[in-house]
Amino acid sequence: MIGIFDSGVGGLSVLRAIREQMPGLPLTYLADQAHVPYGPRPLEEVRAFSTEITRHLLSRGAQLIVVACNAASAAALHHLRAAFPQVPFVGMEPAVKPAAECTHSGVVGVLATPATFQGALYASVLERFAGGVTVLQDTCPGLVAQVEAGDLAGPRTRQILTRALEPMLAQGMDTVVLGCTHYPFIIPLIQEITGPAVRVIDPAPAVARQVGRVLAARGWLQGSDGPPAAMTFLTTGELEPFKALLTRLLAGCCPPAQNDSCEAVRWHGGSLA
Ligand code: DGL
């Protein structure tokens, strides 16, 4: 079983890609909606949440953990690998590399949360891949909350995106990197604002391919191309709104089916039960 987590529903964009490539893998997804958004929080706090969520997913039988959150990857990936040395992890980093490879104008935009921009991971991505390219950044305050509220195209969501993207477009940006897993759900609106000539990079398919490579290296891929396996969805927030949003965000790919389950889990102090 693969354990996947995010601060909220954003990591479903990664779950969706994993499901499309390897439908036969049993998946358990945990949305830490009691704490969303992670982006404005101190890195130590996000690290503590990520460590306990990992422990919880492992206690449910997860054999590989996908940190489907750029903020949690920035804050905790290094620490998680050290704390659980026997467990394979797949994390996220803003896809500056493919953006730098495909930009013609030499101007790339990155939309991500403050935690992601602060982490050492992002600094290292820029150092390794952004040579000769101008990278513009925006934290899009409030945008994660809009996606959590299911507002994928309303006036407020449009306003936040327009404020972020227009100055980037004015500086010649031709490629935009989605450095937050919530944002693939608003690609239609992003593309409407940028126009069709701007390339939008969603890293989820590449992350799913990396999951496949890690599983293959351990000989754990058998059955992954088989019939759809059961999925379990967990939230630390309110169950009913979570279910409604799940159905909406996964429609067209893998809407929760009869044999999938959906449960609430609760934080008690620093522990999940
Ligand atoms: N979806 C997450 C990310 O990729 C977290 C967003 C947040 O909670 O601030 O960064």
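These figures come from a predicted structure and were not determined experimentally. All heavy atoms count here, side chains included; hydrogens, waters and symmetry mates do not.
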Check your understanding: Got a sec, which pairs hit salt bridge (charged side-chain N to carboxylate O under 4.0 Å, His left out) with one end in residues 10-23, sequence neighbours left out?
Key -> none
Give every donor-acceptor pair under 3.5 Å between a side-chain atom in residues 61-80 and any protein atom, sequence neighbours left out.
{"unit_1": "Q63", "atom_1": "OE1", "unit_2": "M1", "atom_2": "N", "d": "2.5"}
{"unit_1": "N70", "atom_1": "ND2", "unit_2": "G179", "atom_2": "O", "d": "3.1"}
{"unit_1": "S73", "atom_1": "OG", "unit_2": "V67", "atom_2": "O", "d": "3.4"}
{"unit_1": "S73", "atom_1": "OG", "unit_2": "C69", "atom_2": "O", "d": "2.8"}
{"unit_1": "S73", "atom_1": "OG", "unit_2": "M92", "atom_2": "N", "d": "3.0"}
{"unit_1": "H79", "atom_1": "NE2", "unit_2": "T51", "atom_2": "OG1", "d": "3.4"}

With a cut-off of 3.5 Å and sequence neighbours excluded, list every side-chain donor-acceptor pair involving residues 126-134.
{"unit_1": "R128", "atom_1": "NE", "unit_2": "S124", "atom_2": "O", "d": "3.3"}
{"unit_1": "R128", "atom_1": "NE", "unit_2": "S124", "atom_2": "OG", "d": "3.3"}
{"unit_1": "R128", "atom_1": "NH2", "unit_2": "S124", "atom_2": "OG", "d": "3.0"}

Review point. Mind checking whether L239 and C262 have side chains closer than 4.5 Å, heavy atoms only?
Key: yes
Check your understanding: Remaining members of I201's ILVMFWY cluster at a side-chain heavy-atom cut-off under 4.5 Å?
Key -> none
Revision key, fill the gap. Contacts of P255 meeting side chain to side chain contact (heavy atoms under 4.5 Å, CB included) (sequence neighbours excluded), chain-then-number -> none
Check your understanding: Tell me, which pairs form a ring pair (Phe, Tyr, Trp, His ring centres under 6.0 Å) where one or both residues lie in residues 18-63, sequence neighbours left out?
Key -> H35-F49, H35-W267, Y38-F49, F49-W267
Exercise for review: Would you check if the side chain of S105 reaches a backbone N or O of G172 as a donor-acceptor pair within less than 3.5 Å?
Suggested key: yes
Review point. Sub-3.5 Å donor-acceptor pair from the side chain of T103 to the main-chain atoms of A100, do we have one?
Key: no
Exercise for review: Would you mind listing every salt bridge (charged side-chain N to carboxylate O under 4.0 Å, His left out) that reaches into residues 70-91, with sequence neighbours excluded?
Suggested key: none
Show the atom names and distances, to 0.1 Å, of all donor-acceptor pairs under 3.5 Å that link a side chain in residues 244-253 to residues at least two apart or in another chain.
{"unit_1": "T247", "atom_1": "OG1", "unit_2": "K243", "atom_2": "O", "d": "2.8"}
{"unit_1": "R248", "atom_1": "NH1", "unit_2": "G150", "atom_2": "O", "d": "2.8"}
{"unit_1": "R248", "atom_1": "NH2", "unit_2": "G150", "atom_2": "O", "d": "2.9"}

Revision key, fill the gap. Residues passing the side chain to side chain contact (heavy atoms under 4.5 Å, CB included) test with L169, sequence neighbours excluded, are M173, T194, V198
Check your understanding: Closest heavy-atom contact between F242 and L234?
Key -> CZ-O, 3.8 Å
Check your understanding: Does V14 share a hydrophobic cluster with L152, counting links as ILVMFWY side-chain heavy atoms below 4.5 Å and allowing steps through other members?
Key -> yes
Practice item. Give a yes or no on whether L178 and V147 share a hydrophobic cluster (residues Ile, Leu, Val, Met, Phe, Trp, Tyr; joining criterion: side-chain heavy atoms under 4.5 Å apart). Key: yes
Point to revise | Whether S50 side chain and V46 backbone form a donor-acceptor pair below 3.5 Å | key: yes
Review point. Does any pair with a residue in residues 139-164 pass salt bridge (charged side-chain N to carboxylate O under 4.0 Å, His left out), and if so which ones, sequence neighbours excluded?
Key: D138-R163, R158-E192
Check your understanding: What residue pairs, at least two apart or across chains, pass ring pair (Phe, Tyr, Trp, His ring centres under 6.0 Å) with a residue in residues 161-216?
Key -> none
Study note, to complete from the structure: The side chain to side chain contact (heavy atoms under 4.5 Å, CB included) partner of V176 among L136, V200, I193 is V200
Review point. Taking all atoms of both residues into account, what is the closest heavy-atom pair of P167 and T162, and its distance?
Key: CD-O, 4.1 Å
Review point. Does NE2 belonging to H268 count more than 12 external heavy atoms closer than 6.0 Å?
Key: yes
**Study point:** Qualifying salt bridge (charged side-chain N to carboxylate O under 4.0 Å, His left out) pairs with a residue from residues 250-264, counting only residues at least two apart or across chains
**Key:** R60-E263
Practice item. Would you please say whether a donor-acceptor pair under 3.5 Å links the side chains of Q33 and T236? Key: no
Revision key, fill the gap. For A164 and C140 the tightest heavy-atom approach is CB-SG, 3.8 Å
Study note, to complete from the structure: d(I190 CD1, T157 OG1) to nearest 0.5 Å is 10.5 Å
Exercise for review: May I ask you to decide if G11's main-chain N or O and D6's side chain share a donor-acceptor pair within less than 3.5 Å?
Suggested key: yes
Check your understanding: If only atom types and distance count, is the side chain of R266 paired as donor or acceptor with the main-chain N or O of G237 below 3.5 Å?
Key -> yes
